[in-house]
Every structure is written in C-alpha cells, then in structure tokens.
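This one's a predicted model, so the numbers in the text were calculated from it and none came from an experiment.
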Amino acid sequence: MRPCDVTHDESCLRNEMCVRVVPNLRHGICTCPEGFERNDKDVCLSKEQLAEQQQQQQQQQQLVPQMLSAQKLTMSNGNGDTESDPPQIPLRSSTTKELTVSVASKDVRLPTNEATLSAYVIPDEKTSGDKYNYLWTLVSKPKGDSNSTIADQTKSIAKLSGLAEGLYQFKVTVNGQNGSYGEAFMNITVLPEQKINKPPHAVITPANQPVRLPNHEAILDGSASSDDAKIVRWQWVLAQGPLGYQPELPEVSTLQLKDLTIAGNYTFNLTVVDEQGMSNSTTAIIQVLKEIDYPPEANAGKNEILYLPNNNVTLNGSLSKDDNGIVAWEWTKVSTNQSKAVDMQNTRTPFLQLSNLEEGVYAFELKVTDAKNQSSTSMVHVFVKPPTNRPPVAKAGTNGTTIYLPQTWAVLNGSESSDDIKIISYCWHQISGPNTALIDNANASVANATAMTIGDYVFELGVSDEANNNASDRVRITVVQEKNTAPVANAGGDQTVTLPTNVLVLNGSQSRDDLGIVRYSWTREPSSLALGTIIDGSDSKPVLMLTNIVTGRYVFKLTVYDGQGLSASDTVSIIVRPDPLLMSLVEVTITTEATVLTATELDSIEQKLTLLIGDNMAKLHVRELKVEPRTGQVVIVFYVEKKYGLEDKDKPQLMPALEVERILKDKFWRDYTILGTSVVGIRTTVCQIDCSGHGVCNAETRECICQSFWMPDIFYFWGIAEANCDWSILYVIVGVLIVFFVLSGICWGITCLCRRSAKPRTRPKPQKYSLLQTHDEELPSFNRAGTTISDSETDSDVLFESRSRQNGLLPGRSGNGGLPNGDLRNGAGGHPKYGVTRLGRRIKA
C-alpha cells in the first residue's frame with residue numbers, strides 16, 4: 001500500500017501504476033496493473049517473467065558445482081594385483097589456487113540491445129605473475145531469442161549484441177597457466193522500452209455554435225479528443241447556463257442536447273481522463289437565439305464606370321443580408337431615357353453578368369426575398385464612357401491621422417485611388433519620420449506601417465495604370481503619447497540553489513514597459529559575495545549568467561530603462577547552499593591523461609575501486625572528472641553509497657570520505673598499479689583535518705596553518721604524526737630553557753666533582769747556582785745534594801743567583817770562604833737578591 005501521486009510518473013516503481021482511492025483527488029496507492037503479480041521481493045512482474053524467474057532459479061540450483069571427491073577403491077585379489085574404479089567427476093587438485101572472479105550484473109533498457117560482459121580477477125595478472133584464460137558460456141536466455149550474438153568470448157571483456165527482452169545468464173571460467181582457477185555468474189536483464197504517459201487532449205467540435213429557436217437541439221462531439229494510450233472517461237459539466245436548465249449529462253464521447261428552449265448562452269465543460277488518471281479539460285459555447293425574423297436588406301453593390309472598348313462587368317449583390325437567410329435573388333433592368341440593349345446572365349443569383357454594353361447610363365435593380373416572403377430592393381448604375389486614357393488618381397487616405405502609444409502601428413489605406421481603366425500597381429514608401437517604420441504589404445492598396453515611435457511620419461503612395469500613367473499622394477501620421485509610464489522591473493524572485501550547480505541564471509525577461517524596455521543593467525549589491533564570474537556580457541542582457549559560484553548569498557539588482565529614460569529596479573537574492581555530498585567526496589589522481597582515457601577504461605576503474613572498498617553493499621558513484629592543470633592527468637571525484645537491504649533501499653547511507661581514503665590508501669600502499677594504471681594520489685575533496693582546533697587546513701597542501709603561539713608537534717616533522725597544531729610555542733620555549741638549565745647544572749656538577757678528586761701535578765724544584773770565579777778552567781757543577789751535575793743535567797734549565805758586588809768580590813764569595821758540602825751561600829753580611837735567567841746551554845762561570 002505504497003502512497004503515490006497520480007500526476008507524477010516516478011512516484012511508483014517500474015511495472016506499477018498509481019490508482020486513485022478517492023475520485024477527483026490526485027493521491028492514491030501503487031498497485032500492479034492487470035496481468036502483473038508481485039514476487040517475493042515486492043516487485044511487479046508479468047506471469048511470463050515470474051515463470052521465467054522460477055525456471056532460472058531452478059537452473060542456477062542445478063549449475064551449482066557439486067565437486068565430490070571420488071576416491072579410488074582398491075582391493076587386493078590375493079596375487080598382489082589391485083583393481084580401481086576411476087572417478088566419474090574430474091577433481092581439482094588440492095594445490096589448485098582459487099581465484100576470486102568479480103562480475104557485475106547489468107540492466108539494459110530497449111531500444112539499446114548491446115551490453116558488455118566484464119570479469120575482473122583478484123589478484124590480477126601483474127600481481128600474480130600468471131597468465132589467465134577466460135571463457136564465457138551462456139547459461140540461459142529468454143525464449144524466442146535467436147538474434148543475439150557474443151564477441152570476444154575468450155577475453156575478460158565480451159560484447160553482446162542483438163539482445164531481446166528478458167533475462168540472460170552467463171558463466172565465466174578463468175584458468176591460470178600456473179593451475180589457478182575461478183568462476184562466477186553474471187546476469188544481463190533486458191528491460192522493455194519505458195513508456196511515458198502523456199496527458200490526454202480534450203477537443204469539442206464545434207467549440208462555438210449558434211442555435212436559433214424553434215430549433216432546440218445541439219450536438220457536442222468530444223470523440224476527437226486524443227491520448228497516447230486510451231481515454232477511459234468523458235465527464236460533461238454545465239459550467240454556465242440559463243436559470244432552470246438542468247440537463248442529464250451522461251459520460252459519453254458525443255453529447256446530444258435537447259430542450260434548449262431558453263434563449264441565452266450555454267457553456268459546457270468536457271474533462272477527459274486516461275488510464276493513468278491524467279486529465280485535460282476544454283469548453284464549448286452554445287448560443288440559443290430568439291426566433292425573430294427581420295426583413296432582408298438588399299445591396300446591389302457599388303456603381304460601376306466602364307470605358308470602351310471595355311463593355312463587360314459583373315454586379316455583386318452578395319452583400320445583401322437577412323437574419324434567417326435569403327432564399328431568392330432577382331435582377332431587373334430599369335428603363336431610362338437612354339435605355340440601351342444589354343445581355344444579362346445569372347439574373348437569379350447574387351452575381352449579375354452584363355456584356356455588350358454601349359455608351360450611356362444603365363440602371364439595374366436587385367430584389368431579395370427571405371423565407372418569410374419578405375423582400376427588399378436596391379439599385380445600382382453602370383456608366384459606360386467613350387474610350388479615354390486619363391492618369392489615375394492616387395488617394396493615400398485621410399491626412400493628419402494621430403495614433404497614441406502604446407499603439408505603434410497604423411493602416412495605410414489607398415483603396416480609394418481610381419483610374420478610368422484600371423490601376424495595376426501600388427507602391428508605399430516612407431518619406432520622413434523619427435525612425436524607419438516597417439511597411440507590410442507595401443505593394444497592395446492597403447498596407448500596414450509598424451515599429452513606429454513618437455513623432456511625425458510622411459508616407460507616399462504611388463499608383464500606375466495599364467497605360468503606364470503614374471500618380472502619387474502623401475499622408476501624414478502623427479504618433480503621440482499622453483503619458484509615459486515607468487517600466488516595471490522583475491528580477492525573477494529569490495532563489496535557493498545547491499552546489500555543485502555550475503551556472504546561476506537570473507531571469508529578468510518578465511520586466512515590462514508601455515513603450516518597451518531598451519536597456520538592462522545587472523549590478524552586484526555590496527552585501528553580495530564577491531566571487532562569481534559573469535559570462536558572455538550577460539550583465540547588460542535580460543538573463544544574467546554567473547559561474548564559479550561558492551556557498552553563500554548573492555544579491556543582484558536589476559535596473560531597466562525605457563526609451564524616454566524612465567527606469568525601475570528590482571533586487572533578487574540567491575542563497576547557494578553547500579554540496580550535501582561534499583564531506584563524502586574522494587579524489588583519485590591517476591597517471592592517465594585526459595586525452596586518452598576512454599569510457600571503457602573509466603568503467604573498469606570504477607568497478608575496481610568498488611572491489612577495493614571491499615563491501616558488497618557499497619556502490620560507487622562517479623561525481624565528476626577533472627583535469628589536473630599542471631600535468632593533464634585525470635582526477636576522478638566519487639562518493640560511495642551503502643545499501644543494507646530492500647527495506648532500506650530508499651534511505652542509502654554514504655561512507656565517510658576519510659574512511660574511503662584510508663581503505664584505498666592501504667590497498668594502494670601494497671600495489672599502486674592495482675587499477676591498471678599508476679595512482680598519483682588519493683585524498684578527500686575538501687581538507688577534513690581539524691588542526692587540533694588551533695589552526696586551519698590548507699586546501700591545496702593539506703598542511704595546518706597554525707594560529708599564533710601554536711606549532712605542530714615534533715613527530716609531524718619526522719613524518720610520523722598527522723598534521724596538527726598540538727604544541728604551544730610558549731610551552732616549548734619554557735621547556736627548552738628548563739632542559740638547558742638542567743643540562744648546564746649537570747655539567748657544572750660533574751666539573752666540580754672532577755676538581756676535588758684529582759691530585760695536583762708535581763713539578764721539579766728549580767736548581768739554584770752561584771757564579772764562580774772567572775777562569776779558563778771548568779768547575780764542576782754541584783746540585784743541592786752536593787753531587788756533580790752531568791752534562792745532560794746542565795743542558796736543562798739552570799737557575800743563577802746574582803747579587804751586587806761587595807768589597808770587590810763576586811757574589812757568593814765572602815771572606816769566610818765557601819760553605820761546606822759545596823753549597824753556595826751568601827756571606828754573613830747582607831740579604832741576597834735573586835735574579836733568574838733561563839738558559840738552554842751550559843754556562844761557564
């Protein structure tokens with residue numbers, strides 16, 4: 001009991017029709033049409049399709065491989081010989097590698113009768129290093145199909161043609177050269193041509209008919225109404241009529257009305273309804289006239305002038321009229337003083353033919369009689385003149401005619417132009433005016449001048465007769481305007497659109513003016529978004545087209561001007577909502593260039609991406625194909641939709657873009673050529689990194705632009721962590737200073753400990769020597785211990801002691817003589833002063 005709307009074909013599923021529950025209401029329920037039944041999946045199918053479906057299910061059950069192991073039974077016969085029974089079913093080796101073969105069933109709707117069978121093997125040949133052999137076999141097909149063919153039966157992609165309506169089932173078998181094996185089944189459903197129901201067209205014949213009393217019957221024929229299928233109902237309604245008239249109006253295509261005895265107008269409405277409940281209406285009017293018979297009015301036509309040798313003329317009495325119709329015409333010749341002979345023909349018809357007229361004046365009388373025997377007469381004269389050839393007389397009409405805007409046309413009437421013989425040509429042209437008017441039928445006696453504006457126009461009529469005599473006349477027409485009304489601007493009304501709309505269209509063509517709008521001007525309001533490109537100079541046209549729009553509010557003002565400078569404005573607001581699928585879109589960039597990518601390759605990539613996602617209920621939808629401007633590579637933009645069952649088929653769920661990105665990156669990390677082409681990159685269409693709440697994500701580089709005093713953690717620079725703004729720069733500086741001071745303290749403590757524990761380095765005390773008396777003989781050197789200094793020791797640093805001379809003695813010499821043990825000391829008399837000199841060689845005293 002699914003509700004539906006009879007005015008919308010898409011409110012019900014395929015093979016279902018919407019049936020009204022309450023008459024004259026458009027709401028109803030979806031039911032199966034006659035000859036269709038619902039299967040276990042709540043789908044309406046015909047009896048033939050149900051039987052075919054059951055037969056196919058039985059065939060599928062029989063085709064399920066029953067690979068039972070047939071073991072050899074061996075029995076000993078006592079002589080050591082064995083007997084074995086060979087297996088009836090060939091067995092696959094236990095070492096055979098099972099292949100995963102993926103196929104996707106398809107639906108094809110006639111008149112398209114071609115399809116492709118595609119099989120994908122996981123792992124593919126590049127990954128497995130094996131070569132696969134494919135074989136497509138037909139399992140079942142619709143009854144009566146004899147024209148379908150298959151091509152490339154031993155390839156991964158086979159082509160079908162000549163398909164008929166019904167279900168085709170195929171089996172694909174894949175064998176690898178290394179002993180691998182896999183198989184799968186695929187269905188091709190060929191659907192009948194979809195028929196779109198069109199509303200019927202109601203027609204009443206005649207649409208307007210008079211009925212004069214005492215006749216009181218009329219017929220309204222609606223059988224000319226048409227429909228693409230069948231009209232099932234004709235509903236007649238008296239929309240308007242005289243008080244007291246209530247006819248019976250059956251539901252028939254041809255309505256016979258009686259008892260139209262009251263004079264007046266009757267308006268009948270016919271509504272036709274087709275099998276799908278669609279309807280259309282029209283009206284017809286019947287005028288019932290009172291029974292009044294007036295006398296006829298005879299009209300013998302205008303007087304005629306003939307110039308000999310032209311002596312033939314036809315008098316026209318067809319302008320005579322009567323309310324009930326004229327039943328008799330009678331032409332008679334009236335006697336005059338100059339009565340002449342004449343030949344008269346068709347005297348009992350409206351048209352009297354005269355011939356053999358002579359010079360003079362003729363008078364003829366027409367008498368007309370109606371059905372009530374009422375009559376009337378009219379007279380006409382024929383003037384026959386001697387031969388002449390005078391120029392024609394041109395008359396362009398009444399001079400000084402004035403018309404008022406918004407009327408921009410005028411009638412140029414030159415029918416009163418005359419000639420003694422006959423005018424054979426007319427020619428209208430404009431002499432002056434504020435602009436050039438358009439003249440329709442310029443070569444006729446009556447023309448029409450259009451496209452006129454305020455000002456004075458002068459038109460000239462030229463006429464010519466058979467003797468090539470010409471004449472002309474002019475007429476002046478003035479176009480004025482009593483009051484100019486300002487135009488009315490209409491920018492089309494506020495709109496709400498949803499991305500990914502490519503072009504925003506603002507229609508101001510409904511603006512109007514009494515003179516006509518001569519200029520349009522679209523301007524962007526200050527509160528409007530600045531992004532958006534106006535294309536094709538449409539800001540000066542009735543329709544504005546804006547591209548490269550973004551989410552937000554656009555406000556434009558339309559200003560229109562008329563020919564006299566008056567203007568009017570109207571403002572329109574357009575709310576652009578974000579793409580509801582934006583957070584679910586994923587971009588995959590492949591190395592294939594856009595100039596070589598075919599539709600077949602795109603279908604293959606789409607099916608492989610669906611398999612890589614790894615969810616049987618997932619369906620991939622390609623949203624857009626873009627071209628990388630720098631490299632020319634193809635960027636596939638798609639989203640993934642998940643369905644969890646028939647009961648949820650109207651409420652699909654979208655996989656998050658981050659989840660799809662993670663799954664595909666994991667698959668491409670193992671093999672970046674798994675799609676058959678190299679994958680350059682995969683990412684979400686919009687950057688979904690929150691940057692820890694302390695920054696914004698760069699849409700191009702996908703890096704975080706951190707706020708002041710924030711920075712990514714150190715692991716991000718090493719490529720371990722994702723982009724973020726986790727660390728505060730203030731805390732990092734404080735931490736670095738603390739670590740610096742801690743390390744400095746540790747180094748200072750270690751230095752102090754090393755100084756306290758180390759022993760001071762001992763240095764040899766310098767040797768002190770005194771200058772001896774000067775003579776050529778070398779004196780032995782003694783050290784402090786009284787031992788003789790060797791040559792090697794004297795080569796070392798030697799310390800000399802010097803003092804000032806006392807009593808003419810050398811320093812170190814006193815009256816008391818030298819000290820014992822060879823130790824040179826000062827005398828008893830004064831305090832020594834020491835002078836130190838470092839020498840590198842032995843010194844002689």
Side-chain angles (χ1 to χ4, degrees), residues 297 299-321 350-354 357 361-362 364 366 378-482 515:
E297 296 180 6
N299 189 342
K302 64 180 181 178
N303 296 330
E304 299 288 347
I305 299 178
L306 300 180
Y307 293 90
L308 296 175
N310 182 19
N311 60 356
N312 299 323
V313 70
T314 299
L315 301 181
N316 185 2
S318 62
L319 296 179
S320 303
K321 58 184 179 180
F351 302 96
L352 174 64
Q353 295 181 358
L354 302 176
L357 294 171
V361 179
Y362 295 83
F364 297 92
L366 171 63
S378 177
M379 186 173 291
V380 62
H381 292 81
V382 178
F383 302 90
V384 182
K385 301 293 184 178
T388 183
N389 188 14
R390 292 177 296 177
V393 177
K395 292 185 178 181
T398 303
N399 199 14
T401 303
T402 302
I403 63 174
Y404 299 89
L405 292 177
Q407 179 179 340
T408 59
W409 53 269
V411 176
L412 304 177
N413 190 354
S415 60
E416 294 184 0
S417 301
S418 60
D419 185 66
D420 55 354
I421 302 178
K422 183 180 181 181
I423 297 176
I424 61 173
S425 67
Y426 296 84
C427 181
W428 291 93
H429 63 277
Q430 181 179 342
I431 301 300
S432 63
N435 70 336
T436 302
L438 301 178
I439 302 177
D440 298 332
N441 299 324
N443 295 323
S445 60
V446 178
N448 190 19
T450 60
M452 301 172 68
T453 186
I454 297 176
D456 293 333
Y457 292 83
V458 176
F459 297 94
E460 184 178 74
L461 170 64
V463 295
S464 300
D465 61 6
E466 294 179 347
N468 202 21
N469 294 321
N470 302 320
S472 63
D473 187 25
R474 294 183 178 182
V475 62
R476 179 182 298 274
I477 298 176
T478 303
V479 182
V480 298
Q481 181 180 12
E482 295 181 350
L515 294 178

[X] side chain near [Y] side chain, heavy-atom distance below 4.5 Å:
| X | Y | answer |
| --- | --- | --- |
| Leu354 | Asn312 | no |
| Leu461 | Cys427 | no |
| Phe459 | Ile477 | yes |
| Gln430 | Val458 | no |

* To do: Apply side chain to side chain donor-acceptor pair (under 3.5 Å) to Asn299 and list each qualifying residue two or more places apart in sequence or on a separate chain.
  =>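 Applying side chain to side chain donor-acceptor pair (under 3.5 Å) to Asn299 gives none.
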
* Who are the side chain to side chain donor-acceptor pair (under 3.5 Å) partners of Thr478, not counting sequence neighbours? ->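 By the side chain to side chain donor-acceptor pair (under 3.5 Å) rule, Thr478 matches Asp456.
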
* **Residue that, paired with Val382, satisfies side-chain contact (heavy atoms from CB on, under 4.5 Å) out of Leu306, Ile305, Val361** => Leu306

* Determine, step by step, whether Phe351 and Asn316 satisfy the side chain to side chain contact (heavy atoms under 4.5 Å, CB included) criterion, reporting the C-alpha distance in whole Å, the side-chain angles of both residues, the deciding distance to 0.1 Å, and the verdict. => CA-CA 5 Å; Phe351 302 96; Asn316 185 2; 3.0 Å; yes

Residues in side chain to side chain contact (heavy atoms under 4.5 Å, CB included) contact with [X], at least two apart in sequence or another chain:
| X | result |
| --- | --- |
| Pro434 | Thr453, Tyr457 |
| Ala471 | Pro392, Ala394, Val463 |
| Ser418 | Val393 |
| Lys321 | Glu297 |

* Asked: Stepwise, does the side chain to side chain contact (heavy atoms under 4.5 Å, CB included) test hold for Leu315 with Glu304?
  -> CA-CA 8 Å; Leu315 301 181; Glu304 299 288 347; 4.1 Å; yes

Minimum heavy-atom distance [X]-[Y], with the two atoms named:
| X | Y | value |
| --- | --- | --- |
| Ala449 | Leu412 | CB-CD1, 4.2 Å |
| Ala437 | Met452 | CB-CG, 4.0 Å |
| Thr314 | Gln353 | OG1-CG, 4.0 Å |

* First locate atom CG of Asn469, then atom CD1 of Ile423, and finally report the distance between them rounded to the nearest 0.5 Å. => 11.0 Å

* To do: Report the distance from atom NE2 of His429 to atom OG of Ser472, rounding to the nearest 0.5 Å.
  => 8.0 Å

* Between Thr450 and Leu438, is there a donor-acceptor pair closer than 3.5 Å when you use the side chain of the first and the backbone of the second? -> yes

* Is it true that a side-chain atom of Trp428 and a backbone atom of Ile439 form a donor plus acceptor pair closer than 3.5 Å? ->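 No; zero donor-acceptor contacts below 3.5 Å.
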
* Asked: Which is it for Phe364 and Leu352 under the side chain to side chain contact (heavy atoms under 4.5 Å, CB included) test, yes or no, and what are the steps along the way?
  -> CA-CA 10 Å; Phe364 297 92; Leu352 174 64; 4.1 Å; yes

Using a 3.5 Å cut-off and no angle test, enumerate the donor-acceptor pairs between side-chain atoms of residues 399-409 and protein atoms at least two apart in sequence or in another chain.
{"from": "Asn399", "atom 1": "OD1", "to": "Arg476", "atom 2": "N", "distance (Å)": "2.6"}
{"from": "Thr401", "atom 1": "OG1", "to": "Thr398", "atom 2": "O", "distance (Å)": "3.1"}
{"from": "Gln407", "atom 1": "NE2", "to": "Trp409", "atom 2": "O", "distance (Å)": "2.9"}

* Given the rule in the side chain to side chain contact (heavy atoms under 4.5 Å, CB included) test, do Asn443 and Ser425 qualify, once you have shown the distances and angles that lead to the verdict? -> CA-CA 7 Å; Asn443 295 323; Ser425 67; over 6 Å; no

* To do: Among residues two or more places apart or on two chains, list those pairs meeting salt bridge (charged side-chain N to carboxylate O under 4.0 Å, His left out) that have a residue in residues 464-475.
  =>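 Residue pairs passing salt bridge (charged side-chain N to carboxylate O under 4.0 Å, His left out), neighbours aside: Glu460-Arg474.
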
